[in-house]
Protein chains: 2
Amino acid sequence: MRALPMVYLITIPELLMVTNVKEILKKNQLSITESRRKILQLFYNANDALSHADIEKLTGDDFDRVTIYRTLQTFVEKGIVHTIPTADNSVRYALCKDNCTEGHHHDNHVHFLCDECGKTYCLDHVTIPDIQLPKGFHQKQTDLVISGVCKNCD
Amino acid sequence: MRALPMVYLITIPELLMVTNVKEILKKNQLSITESRRKILQLFYNANDALSHADIEKLTGDDFDRVTIYRTLQTFVEKGIVHTIPTADNSVRYALCKDNCTEGHHHDNHVHFLCDECGKTYCLDHVTIPDIQLPKGFHQKQTDLVISGVCKNCD
DNA sequence: AAAAATTTTGCAACAAAGTTGCATTTTGGT
DNA sequence: ACCAAAATGCAACTTTGTTGCAAAATTTTT
């Protein structure tokens with residue numbers, strides 16, 4: 001039996017590190033509280049985006065509604081999660097998988113919304129092609145949201 | 001003094017036709033009411049997108065809040081206006097300039113949001129490039145929203 | 001042109017979503 | 001374990017959006 005290529009061994013520790021919720025909070029200079037730990041863990045457990053309502057349901061009455069709002073706001077400010085613009089204008093949050101720095105998101109990947117099951121996918125490996133804007137327009141952030149039917153509902 | 005080029009004379013009647021609000025309502029089999037006329041006129045006067053709040057301010061206390069909601073809903077259903085997904089999840093509406101048929105929007109142009117002045121532009125002539133989705137994903141609607149600095153704030 | 005039928009509007013009441021100030025509790029550092 | 005700073009929970013409030021129904025306006029019919 002052949003040895004696995006080294007590339008795999010290099011990528012695994014990175015993944016493990018990422019799912020350590022406490023480390024992420026520390027790295028972002030946030031005090032480690034129950035709400036932040038639990039809510040951030042929810043994002044790592046879920047493979048799709050979460051709305052405020054989702055989090056409220058998933059946490060039961062552990063936390064006040066206001067705390068959830070403030071926690072999400074903090075995460076967005078720190079670049080831990082980002083909001084996804086949707087056609088139905090319901091706010092959804094998803095983990096920033098690229099290295100977003102504080103206050104400056106660059107999650108320029110495609111978001112997919114399933115009309116059937118309502119799931120939101122971050123298609124990390126589908127990149128947005130360059131768009132030529134008219135003269136005088138300067139591009140800062142780009143959001144590409146595609147809706148349709150996902151692989152599970154296909 | 002030279003005569004003006006004919007091109008100008010050709011484009012003017014088209015504009016006049018488009019701004020005839022009554023005709024548009026008739027064409028869409030909607031009864032002509034004061035609220036529909038005035039609100040639709042607002043969209044033709046404004047060169048950017050409008051939110052519900054914008055319309056409420058612009059119409060003063062001519063109409064009830066509920067009427068504005070219902071009018072906008074009707075316009076969306078008929079394909080007269082479309083909603084623009086934004087990162088801050090505030091609902092904005094803009095005229096459909098392509099020939100959207102009832103219930104089926106195909107406003108596949110790019111939307112631009114200015115961070116400075118807050119204006120929303122429909123970049124009708126910037127088209128969204130084709131995106132290659134992973135297997136099993138089927139694309140129905142695509143929204144591309146770019147934010148940054150517009151030509152006026154440049 | 002007036003009456004009947006249909007549609008739309010305004011009102012009231014409600015539900016959901018999000019914000020703010022402040023006292024209490026929890027966290028991080030010593 | 002103590003203290004200062006930060007985060008939480010509570011209450012009250014604002015904004016946003018929805019629903020049912022009677023009154024008013026619009027369209028259709030005669």
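Quick caveat: nothing in here was measured; it's all calculated off a predicted structure.
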Distance, rounded to the nearest Å, where [X] contributes [atom1] and [N] contributes [atom2]:
{"X": "E77(A)", "N": "dA7(D)", "atom1": "CD", "atom2": "P", "result": "11 Å"}
{"X": "N28(A)", "N": "dA6(D)", "atom1": "CG", "atom2": "P", "result": "17 Å"}
{"X": "K57(A)", "N": "dA16(C)", "atom1": "NZ", "atom2": "P", "result": "11 Å"}
{"X": "L25(A)", "N": "dA6(D)", "atom1": "CG", "atom2": "P", "result": "16 Å"}
{"X": "I55(A)", "N": "dT8(D)", "atom1": "CD1", "atom2": "P", "result": "13 Å"}

Can you tell me how far apart CG (L144(B)) and CD1 (I131(A)) are? Round to the nearest 0.5 Å.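 Answer rounded to 0.5 Å: 5.0 Å.
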Working to the nearest 0.5 angstrom, can you tell me the gap between E34(A) CD and T67(A) OG1? 10.5 Å
Check the interface with nucleotides 26-30 of chain C: list each N/O to N/O pair with the protein under 3.5 Å, or write none.
residue: dG28(C); atom: OP1; partner: I32(A); partner atom: N; Å: 2.7

Taking [X] for the side chain and [Y] for the main chain, is one N or O donor matched with an acceptor at less than 3.5 Å?
{"X": "S51(A)", "Y": "D54(A)", "result": "yes"}
{"X": "K140(A)", "Y": "S147(B)", "result": "no"}
{"X": "R36(A)", "Y": "S31(A)", "result": "yes"}
{"X": "K151(A)", "Y": "F137(B)", "result": "no"}

Can you list, in residue-number order, the parts of residues 61-73 of chain A that come under 4.0 Å of DNA chain C, counting heavy atoms only?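 Only R65(A), V66(A), Y69(A), R70(A) qualify.
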Determine, using ring centers only, whether Y69(A) and H52(A) are less than 6.0 Å apart. yes
Listed by chain and number, what are the side chain to side chain donor-acceptor pair (under 3.5 Å) partners of D64(A), not counting sequence neighbours? none
